[in-house]
Each structure stands twice: as C-alpha cells, then as structure tokens.
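A note on names: the letters A, B, ... follow the listed sequences, proteins ahead of strands, and every chain is numbered from 1. FYI, side chains are in, hydrogens and waters are out, and symmetry mates aren't considered; it's all heavy atoms of this structure.
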Amino acid sequence: MPIHVVTDLRAEVPSHLKKVPIPQLNRSSAVLGTCVKGKVIKKYPLVSLEEDDYVLKTVIQEHEDQLSLPPGSTSINAILFGPLAKEFSKTVNQGDLVVMAGFVVGRSPTAQKDGLHPCNLQLAGVDACIYVYPSSSTGSSTSTISALTPVPSAETTKPKYTYVALKDLKAGMIVNIYGVVTFFKQPFRTKGTDYCSTLKITDQSDIKLGCTIFSEKLEDHPQIYKIGDIVRLHRVKAQFFNGSINMVSTLGFSVVTFDGTVGSPMVPRTCSRSFHFSDEDRHTVERLRAWAASQSALPSMSSALLSSVRPRMYFDLTCQLLAKAVMDSSCTLLRVWDGTRCAEPLLNVSVEPEALEGSTAITGGRDNLVANVLAYDNHVEVARGLKPGSYLRIYNLHAISQSGDTPPGSGTGHLSFHLHGGTAYGRGIRVLPEDSPDLQELKRTLESLRSDPNDSSLVEVWCTPPESFDSDPENIATELTCDHTLSFVPLACVKKATPPEGFHVRAQLRSYQPERLHQALKLHCPECRTLQDVPDEETVSVLFQEALRGTESSREAWAHTRHLDSSDPGRKISLHLPSYGEKGNDELIFVEGATLEEVCRLSEGQRGMIPVKSSDRKLTLLDLSTPVLIHGSKRLYGCKRCSQVKWLEPEPEERGELNDRSIAEMLGVKLLQYVFLLKLELEDGSGSLDALLWKDAESFFCVPASDAAANQKMQDQIKQTMDRFSPPGGSLERPWLDLCLRSYTVEESGQQTVCYQIFNTVTRGAEHSSQL
DNA sequence: GCTTAGGGTTAG
C-alpha cells in the first residue's frame, strides 16, 4: 500500500503500467497493469474507522493533456482504505499530481449528486499504489519522502488463497469466493444426513449466485445475521442447475462471515480456531462493504421493532428471550421482548407455570412489551434448545391478529406471532452473540426501560441479567445444599423484603473484605459470642519476651522439671513434664522461660506446649493474648472474658484422653474457635448488597477455619477460590454464584440494621482441591 | 456412505 513521492516522472512510475484516461474508465475496465493520472482537486479529511483503520475520499481530475474530452466525467472520486488513506492524508496536498494503480473500479453512489464520473476508484490492499508529484516547489515536500514505505515485493505479498470473482466462475471449478449476502436461510435439517444452508450472494460484478452448504455440524455453517453480511467461502464447487451456476460446498469447505457495514469492526464469525486472514482479505471485505453500501439493488432488510409491527406483517424481530414453554410436539412458545411497546394490544398465551422455563415473573402481553411467539414444526427443535436470557433474531415472523372477542378486521384483536413451519423467506431463528453490533440498539432500549422509575413492576424481569437465566449448572461456581424450594430472586427484591427472610439469589462477586484473606480468620467465643482478630505474631512474641522477666522458676509436685539452655546466656528454659500416669508424660509439656520462637521449635516434635510463667511460686498461664497451647503449627487461644485460669494443678483423675477440650478444662480456659468472617459485595444487575460469609463459611470453602489457621495450603485454597470469583485485575469474566441468603436485623446502639448472611452454599470443586 | 436442496409465506 505504498505511496511514492516522485520528483522525476520518467524515472519512478513503472513502465509496464498502461495509463487509461479517466473519462474512458468504466466498470469493466481492466485494472491489472493500468493506471490513471490526475490532479488532486479535492482532498477530504481522513476518517478513522477504528484503531489503525481509515478511509479517505479524494477527487482527481484527468491530467491536462486529456481535457479535450467532455467535462463532467474527467473528475473521479477515489476512495482510499487503510494505511494508504492515512499515508495519503499525510503526504498529498490538493493540487498534487498523482498516478493511481491497483484500484478497483466501482459504481459511484454519489454520481447524481456531485456530477462527477459515474464510477469511482477504490484503493485498498497491497495492490493499491499511488505515485505523487508534488505541485509546489519540490523543496517543500522532500521531507516526506524518507517516511515512505517501500514497495512490497511480489513474493511476500502473494496471498495464500486466491479468490475468484463471481463472474469468472465456470461449472466444475472448486474455488474460494467472496460475496455479499442477498438472501439466506438459517441451517435446516435435510432429508439426508446434513443440515443445509441456502444463500444467495453477489459481488462487484453484480451476479447473483446461489450457494448450498451441507454439513452435519451446525457450527460449520455460515453465521449470517442479516442481508448485507459478507461471506468468504472456501472450497465450493460451481455446478450448473436450471441454466445458471450454483455453488455447493465440497470436502474441506469452510466459511467466515463478516458484518457488511462500512466501518464496523472486522470480527470474523467462524468456528475454526485458526483461519487465514491477511491484509488482502481485510481489504477485500472493505471493498465489498464500500461497494455494497453504494448498491441500491440489494434487498432491503425486513427487520422491525415491536412498536412498528402491524397485523399481518411478516418481519424479522431482534429480541431477548424471556421464557419458553413447550406447547405440544409441533409448537413451542417463546416469550420475547425488544424493549419497545407494540401499538396493538399483545396476546397473552396462557401456560401452566410448571411448563414455563425462564422468567416466570411476567405473564406476557404486559404493558404491550412482551410478545408471545409460537414456533411451529421444524423450528421446534431450535426453539427448544434456546436459553432464556439469550438474544435472538427471528426471521419472517408473522403478526397475527387474534380477534376472538372483537369483529375480524376491526384492528383491535390481540397480536400473536407465528413462526410458521418451513424455511420459505428464510424463516428461522438465530441466536445472536452478546457482543453483536446488531444488539446495541436493543440493549440500549432495554436499559432505558430498566431505568424508568415509573415502572418498578418489571423489576423481576429487567433486573435479571441474561447470564443469570443460564440454567447450565456447569457455569455456576457455587452450589446450594439446602432443600428449600425457593426460586431465585434478584438482589433488588431481597433488599425490598422485610427481614427475617430466606432467599436464593444468583449473583456475581464485585468485591470482598478483608482483601488480605488471613485477616478473614477470626477468633470467636461461643460463650460470650465476641469476635476478635487472631493476635499477630509480633504481639505474641512481645508478650513472651515480657514473661521472660518473671520470677524464679517454680517447682511443682505434679511435674518433673528439666532445664534447657536457651539462646541467651544465663537464661534457662524450664520444661515441666507432668509426672502422673504410668511412664510419665511428654505429650504435654508446660514450658517456662522460652521465647515464642523457642516454644515453636520445641513443639515441632508434635508435642503440645503450654507456655507458663511462675507467679507466687506457682505456675500459671501467660497473658491470654498468647496461645494457651502451641502444638506444631496449631495454636489455641482462650477467651479473656470467659476463662477462669486456675493455678496449674492438673489432677490425675481429671485426665482422660488428651484433647483440646480436656486441656482447656484442665487449664480453666474457655477456648476460642477459629472462624472465617468475610463481607462479600454481591451484584446481579438489579443492584448490589453486602452479605456476610461467616457461620457457613467453612462449608462454603470446604476448609475448616482451624486448619486454615495452621496450614498455608488451606489459606492458599481460599485465596484461589476468591480469585476465581473475583479475578484480580478484572480481566476475566466473573462467574455467577448461586447463594442461599438469609436476612436479619441487628440492633446496634438503638439502630436497627438489616444484615444478610450466606448459608447452605458450597463452592464447586472445592471439595476436590481440599484433598491436597 | 457419497444424499440432502436447488429461496419465494401458514393456514396452527
């Protein structure tokens, strides 16, 4: 796509290019090896289509020596695409003389208006080339010369695939072709083994070409949404039928579809993971788009909004599926809307609530927003597979006035919509992807409907995002364990309800606290029900240090006392080993005069260490902000408020099996329990609310809090779970969570606050990873 | 195993 700025005419333009006078150009002009030469008499601003994609229009006038020809046709519009447009905008000035080559001659859609040449020149891709002779003093433009791209060599630009113009097709050829869709049918089942897509395409040669595509896999079929889409077909065979050429897919067939709108993003619709798409392809699509935009002969689309539908109309409806119900073997009901209100009253087809899948909140016909579509016969198969919440385009829908209670033809009957059996006129249903440009208007309309403060009655419909209709349990990251039969409600409804009440919601995690998950681990006293943070390592360490400054080590009758050297000179560590029992006991050791680090090291042999100090010649526990027991990586804490620490005089008869409870009892300590406490900010499109994950947090994560306190792997597992629910950086999609919530009120300084807590919910997959 | 459909309104 080079532009050459030349100062010496004879030296720069390749000699093989044959110059064609502009007035002699027509649609069938050979373009290979030809060029036109003219003066830039108009240069329009560069138009940016998307990132790094541009279009620019310019008008060039035949070089002076040809001006004896009739005026009017001596000036021609040239449309430049891509980098060439940008380069042209930068390099070329009005008045410059240019030579253009590698163009396509198209029909000028503005010929009537601007009175210029009936054709235009379209320059795109690697073939397009412009040579510029600056008009003013050469000095002014020499600086741009060095910035020019070199001519790509023929070898490197040779495309891997070649495409045959539709006019050049001969029976028997197996070829690759491009075309603009002028008619299409969604894939339908044949009497054979395959699905069949029927389409008709055209290109700059204005030939209408029928194509038939067979494949037993639906994903191999073209994804055509509307007339004007552009398809690229690989390995199709030209056949004679009824006196004209038709194309049929052959072995190795593949298809890619693009939106046909000029300037719309070039997103390939294809199932193949890797497909070849070069700059040349890009420009071919651009050329076809530009050409199609200028064609008035293309059939118009028959899409309509619900608001513009009248009885007896056939139209294409772009809509969202709210609910569906199987009526009988040859009929499925689809309740849809597009956010506009029908001018005619809409019929409500009544269905048993059990038979309805999707939003049960609406009965249809409501406020003339919800249309009841009956899909018959061959469409039942597709209709049954649709997911409520998804976006659809229904082709050739028939508006039928049901005038049961009104005289026929009075125009006051209720409208229902029939998708009749068969595929005539392209009758069918297509699911549109969420991000389809064809949905932007629909989504905007639904959004404005949603924000209408006068209509809160629709809350249950509009506030539920499409994804939450997804009934595929594989896509939901959590699972309910309760046996309530509550139906799912939007968070907005949860917030409106009066507590206490239970709910099932499907929501996403927007954020959570504490972000540092180790802070989610708390100590809870089952007696006084207070909650406190787990003392941090430094605080505990300091308390141990303070205890070192105690009085002389005491000797207890119930224990053998041994001394160890500490890391500090002169300081002895006392180990008091209970002497009762048959052989004495080293399972449980009372340790005095040791630092936290030393106690931890001593407990590494899986012995329970109880840190103690001497006071009044008796042993007692340290401050209750320190662990009462350190056992390997496990630490037990006592409640300051509820413990009644005795002098340590363990009685032999008190000793049964050594466990946390018996140790605590022996020490007179009320043990604190490890618990998780997290605040999850949930959202679902209807709103957001904060829910606590506390009492059922252990089963939610499938990790006991006490294990998490002692085991880094368990903490990592929780981190992974939270990262999955709320991917860091927000780059990945957040999964939906099925949650069982309960609302309740908490009184705090005379103020009633409504709280929500998560119960009966488990994380999917957590039970497996916890086996680590 | 080598076909199917080959556009052009249901009739609920």
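- Side-chain atoms of A:Y314 and A:H398 include a donor-acceptor pair closer than 3.5 Å.
- Against the 90° criterion about 0, the sugar-base torsion of B:dG7 places it in the anti range.
- Ion pairing between a basic and an acidic side chain is recognised when a charged N comes within 4.0 Å of a carboxylate O; A:D316 and A:R393 show no such pairing.
- In terms of modelled atom types and a separation under 3.5 Å, the side chain of A:T340 and the main chain of A:S307 share a donor-acceptor contact.
- Aromatic ring orientation, A:F184 versus A:Y395: perpendicular (interplanar angle above 60°, classes split at 30° and 60°).
- With rounding to whole Å, A:L251 atom CG is found 13 Å from B:dG1 atom C1'.
- With sequence neighbours excluded, the residues satisfying salt bridge (charged side-chain N to carboxylate O under 4.0 Å, His left out) with A:E381 are A:R189.
- Here B:dC2 presents its P atom at 14 Å from CD of A:E216, a figure rounded to the nearest Å.
- Under 4.0 Å is where a charged nitrogen must lie from a carboxylate oxygen, and between A:E357 and A:R384 no such pair does.
- Using modelled atom types and a 3.5 Å distance limit, the side chains of A:S264 and A:R289 yield a donor-acceptor pair.
- Taking the C1' atoms as reference points, B:dT10 lies 22 Å from B:dG6, given to the whole Å.
- For DNA chain B, no neighbouring residue in residues 226-235 of chain A is found when judged by any heavy atom under 4.0 Å.
- Taking the ring axis of A:F183 as reference, the NZ or CZ atom of A:K185 does not stay both within 45° of it and closer than 6.0 Å to the ring centre.
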Contact letters for nucleotides 5-10 of chain B, in which S counts primed atoms plus P, OP1 and OP2 and B counts the base, heavy atoms under 4.0 Å
BBBSBB

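- Across the protein-nucleic acid pair, A:L374 atom CG and B:dA11 atom C1' stand 14 Å apart, rounded to whole Å.
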